[in-house]
Amino acid sequence: MTALVEVGGLHFRYGSSRRGTGQDWTLADISLALPARGTLGIVGESGSGKSTLIRLMCGLLRPDRGALSFDGRPVTDWLATDRRAFLARNQIVFQNPRRSLDPRMTVARALAEPVRSLESRQPTDAELAASLARVGLQAEVLGRYPHQLSGGQLQRVAIARALSVRPAVLYADEPTSALDVSVQAQVLNLLMDLREDLGLALVMVTHNLAVVARLTEHVIVLHRGRVVEAGPTHRVLGSPENPYTAALVAAAADVSLARAGWDEAEERR
Amino acid sequence: MADPAPLTAADGEAVPAVRRHLPLALIIGGVLVGLVVGVALLSYIWTPHDPARINVRSRLVPPGTPGFPLGADRLGRDMLTQIIVGARTSLYVSIVATLVALVVGTAIGLATAAASGARQSVMSRAVDVGVAIPGILIALVIATALEPGNTASIIAIVIWFIPIAARVTIGPARQILALDYVEAAYAYGRSRTYVLFRHVLPNISPILIVQASIMFASGILAEAALSFLGIGAQPPTASWGRLLKEAQPMIDVAPGLMVFPGAAIMVAVLGFNILGDGLRAWLDPRQLTQAGH
């Protein structure tokens with residue numbers, strides 16, 4: 001099975017026009033492969049380059065060095081010639097839904113934006129309602145502004161917006177960490193259901209290892225911009241080979257399992 | 001599929017309520033500004049006397065004289081009429097100048113905020129330099145270089161205000177550009193220009209509206225100053241600044257000639273400033289954007 005997204009020897013740093021010594025990469029020598037319908041977790045501490053990596057993968061940033069391809073074609077090539085097709089197939093959901101929805105746009109307008117931009121047409125009311133139904137919201141929400149909705153509802157809207165152009169890969173940057181604990185599990189369940197129903201590939205950035213354990217088949221562990229460990233999630237988190245991963249797992253296990261409010265956590269207590 | 005989430009805060013989170021009450025400053029400012037604007041509009045339909053009519057018999061009559069509630073100047077022209085007609089000049093010059101400066105300055109500010117790295121620093125410093133030069137000085141130099149009149153005043157005030165409008169735009173625009181909804185817009189293919197006009201501009205509009213009302217006030221003051229110095233409105237155009245200038249030699253004989261135009265300027269400037277304060281409270285961006293935790 002060929003990979004949908006392939007990354008090989010990728011390097012990136014911010015403000016790359018500055019000619020430095022070359023030692024201060026934000027990301028260095030990243031390689032990974034994501035099959036269609038696959039799931040990948042990217043974990044690591046703050047500043048490890050997790051968010052930067054998915055921004056490169058979905059076309060928001062350009063790599064400085066190395067290979068990055070989608071569906072067998074280099075992403076730079078996609079962006080140069082089929083930008084809209086590439087963006088439609090690679091969508092992203094952000095951490096804080098209060099910051100990822102324009103407070104001056106109604107839900108209807110926000111939901112319509114990707115279709116208006118990438119397909120140059122106004123989606124019908126029925127499409128918008130169906131889009132909301134998919135994430136478990138009613139059509140009444142369409143006329144509301146972000147400040148009239150809760151964080152969980154807003155994250156559902158943000159997910160619906162990303163899915164409105166039928167992406168092949170959904171990137172999620174800490175999609176639950178800005179939400180109340182009680183809402184986190186709902187949103188994660190929603191993402192799992194959607195992945196199943198729509199046949200999406202899901203790339204999830206998180207510092208919550210329990211989320212990764214639950215949602216993704218593969219995981220890569222980033223530390224200071226480098227991959228320190230990669231492999232099937234159960235193997236990496238179950239018997240980590242790298243000391244950094246081991247420390248991460250040890251430090252996070254109790255806290256994150258409890259935070260996610262899952263059954264396992266219930267049992268441990 | 002997940003169960004549909006009810007619309008109420010069943011997620012266990014409080015849905016922020018938006019409460020708004022009209023600030024007192026907005027009401028007071030609105031009344032004062034309304035008065036000035038109303039008087040200016042009234043002057044097109046009705047004035048107590050013909051503003052240009054010279055009448056030797058009413059020369060320098062004191063305030064309270066029948067037919068001349070605020071007295072008359074050295075050519076016998078009714079002071080009340082002059083003030084009513086002068087409101088037109090003040091408002092015309094300051095409003096036109098403010099709007100032009102705001103459009104140009106905001107465009108410069110948006111372009112600066114959206115520029116990258118070194119270019120942004122250079123543009124931002126250039127704007128700072130523009131703000132640092134005393135505005136009235138620029139206005140004087142420009143106004144003296146041009147044919148005196150309202151147009152000279154407008155051009156001078158526009159050039160004075162542009163860096164200020166740009167400066168006010170840059171910071172908030174940069175804040176908005178750093179938010180995730182801007183990144184989301186790029187992720188679904190929107191251009192930088194689209195983002196600036198459709199996301200940034202609406203979200204900084206409360207700041208621009210407040211800035212506009214402060215600029216209206218400064219504009220009225222600047223117009224009066226330029227006319228007082230003789231490089232603004234020219235006879236027979238009535239202007240509060242010119243009334244002050246003409247009253248100056250007669251301050252001992254007829255102090256009212258100076259007091260009433262001065263009071264008119266004060267009411268207008270105060271009105272726009274208080275209105276600005278009221279708008280600031282009412283359009284508080286924190287209340288509008290709910291920018292997160």
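Annotation: side chain of B/E183 is not in contact with side chain of A/R99 (no heavy-atom distance under 4.5 Å). Side-chain contact between A/E113 and B/Y181: absent, with no pair of heavy atoms (C-beta onward) separated by less than 4.5 Å.
For a residue to count as touching a neighbouring chain, one of its non-hydrogen atoms must lie under 4.5 Å from one of that chain's; by this rule A/R84 does not touch chain B. Contacts of A/M105 with chain B are made by side-chain atoms alone, with heavy-atom separations under 4.5 Å and no backbone atom involved. For B/S205, the part lying near chain A is the side chain, with the backbone staying farther off; criterion is any non-hydrogen pair under 4.5 Å.
In terms of heavy-atom proximity, B/D180 sits nearest to A/Q95 at OD2-N, 4.5 Å. Between A/P103 and B/N203, the closest heavy-atom pair is CG-OD1, 3.3 Å. Scanning all heavy atoms of the two residues, the minimum distance from B/G189 to A/S117 falls at C-OG, 3.5 Å. Contact record, B/A187 with A/I92: CB-CG2, 3.7 Å, taken as the closest heavy-atom pair. Summarising the geometry of B/Y188 relative to A/R161, their closest heavy-atom pair is CE2-CD, 3.9 Å, with the distance given to 0.1 Å. Annotation for B/R198 and A/D102: closest pair O-OD2, 3.9 Å, computed over non-hydrogen atoms.
Between chain B and the options A/V165, A/V115, A/L101, heavy-atom pairs under 4.5 Å are most frequent for A/L101. Contact count against chain B (heavy-atom pairs under 4.5 Å) is highest for A/S100 among A/A110, A/A162, A/A88, A/S100. Contact tally against chain B (heavy-atom pairs below 4.5 Å) for A/R83, A/R55, A/E196: the top residue is A/R55.
To the nearest 0.5 Å, atoms CZ (A/R104) and CD1 (B/I176) are separated by 9.0 Å.
By the neighbour-count criterion of 12 heavy atoms within 6.0 Å, atom OH of B/Y194 is densely surrounded, having more than that number from other residues, nucleotides or ligands. The environment of B/Y92 atom OH is sparse: at most 12 non-hydrogen atoms of other residues, nucleotides or ligands sit within 6.0 angstrom. The number of heavy atoms from other shown groups lying within 6.0 Å of CZ (B/R119) does not exceed 12. Within 6.0 Å of the CZ atom in A/R109, the count of heavy atoms belonging to other residues, nucleotides or ligands exceeds 12.
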